[in-house]
Amino acid sequence: MRHVPVFRWVLSLGLVLIGCSLGLFLATPDLPELRQIDLTVLDEKPDGACTVRWTDPFEHREREAPYLCEAERDAILKAPYFDTDSGFGWDTGFVVAEGSDKGELYSLEEDSDADARIWLSDRLLVAGVFLTIVGVVGGNIRALTRTSGANPEVVRRARRLSEAAGLVAQDHLRAVEAVRMAWAPLHRELLDADPADPADPRRVGAGRGAVEERVAVARRIAGEVGEAVAVRLDAERPEPRTTALIVALRVLVEAGPRARNAAEEGGELAARLEPLLFDAAPAAGRRSLLGAGRSQRRRALAAVASLRPLLDKAEREGRVQQFAQVSVDLLRGPGSDPTGLSAWVDFESRSAEYYGRLAEVTGRSLSAGD
């Protein structure tokens, strides 16, 4: 599995946010130097729009201009309560103390855009610094973890592979045991009847339309399986025990030869992975690896190193997916055909495969020359 540089991206994002914050701050115009003055409110609207008079502190003359007064200030500062004789109100404001606009009335509302930019710049800076710290610290920890060999992802991948491999072996064994259980009463009946003399192989078949084929198949199997072919497997006269055997065999027939191969490979792989996973357990996390003893850490790192090529090979070959698909095929099971009707129909179309699976389960193999 390819390494994803998460903390490197976090660090990059943090630096970008810091750069945006700096750029936004530099693009915000500087506020002029101001001087606070008293304002005489000549008239005022409910929304705060007013006309004010003030004394220019630099030219020492009175001036008038429209202004936006503080509408929410106390009523005693407004007309006519502030000055009952003149009917004027009072407020406070600022004039520019430098430049060509020196002495001009300055409204703080003009600073709202600049304030918003500064606020956003501050937030970007805080977020950028936080992400930068996370990226640097997290990246160093992850780098230390990887260089020390404590790679939890390797252990997790190995566990998933081991579980899939062990499961397909168990599922195949379960299907095989179902055939053996269905075969057992027929086998006992055969031995009790006449253990030394197999029945006429022409009794084995799926119908009268292909007697010669059935006889050939029965003779071929009789040479290796012995009493197995003496059981009557007749689709025209099914009975509960033979139906149970056919239904159980159908699971292995449907899964095909790959099921047995996958089960053998899965069992071998699970047996190989089990001791490596046991030794690699401390490497599932940095804390657990630090808490392990020296010999445990040495075995854990060696096990992780051994797991990597196994995992790479299994992932290239798609073993987890293959094992999972075979398990699905095996888990369809006899429950999907409780009456056995479709199993008998399938048996008639490929009886040789059913006999082949039965030969595998009973421990005999058929040679091509029989």
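Here the structure is a predicted model, which means the values were calculated and not measured.
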Exercise. Identify whether the distance between the nearest side-chain nitrogen and carboxylate oxygen of Lys102 and Glu98 falls below 4.0 Å.
Key: no
Self-check item: Derivation of the side chain to side chain donor-acceptor pair (under 3.5 Å) call for Asp329 and Gln325
Solution: CA-CA 6 Å; Asp329 295 340; Gln325 183 57 54; 3.1 Å; yes
Practice problem: Answer yes or no: are there more than 12 heavy-atom neighbours, outside Phe130 itself, under 6.0 Å from its atom CZ? | Solution: no
Quiz item: Between CG of Leu358 and CH2 of Trp183, what distance do you get to the nearest 0.5 Å?
Solution: 6.0 Å
Practice problem: Consider only side-chain N and O atoms of Thr243 and Trp344, and report whether a donor and an acceptor are under 3.5 Å apart. | Solution: yes
Practice problem: Would you mind listing every disulfide bond (SG atoms under 2.5 Å apart) that reaches into residues 238-279, with sequence neighbours excluded? | Solution: none
Quiz prompt | Salt-bridge criterion met for Glu264 and Arg260 (N-O under 4.0 Å) | solution = yes
Quiz item: Are any of the side-chain heavy atoms of Arg357 and Val251 separated by less than 4.5 Å?
Solution: no
Quiz item: How about Arg63: does its CZ atom have over 12 heavy atoms from other parts shown lying under 6.0 Å from it?
Solution: yes
Exercise. Taking atom CD of Glu274 as the centre, report whether more than 12 heavy atoms of other residues, nucleotides or ligands fall under 6.0 Å from it.
Key: no
Self-check item: Intermediate values then yes/no, side chain to side chain donor-acceptor pair (under 3.5 Å), Gln36 and Thr92
Solution: CA-CA 7 Å; Gln36 190 171 15; Thr92 184; 3.0 Å; yes
Exercise. Could you check Arg308, Arg160, Arg157 and say which one makes a salt bridge (charged side-chain N to carboxylate O under 4.0 Å, His left out) with Glu315?
Key: Arg157
Quiz item: Can any side-chain N or O of Arg73 pair as donor or acceptor with the backbone N or O of Glu70 at less than 3.5 Å?
Solution: yes
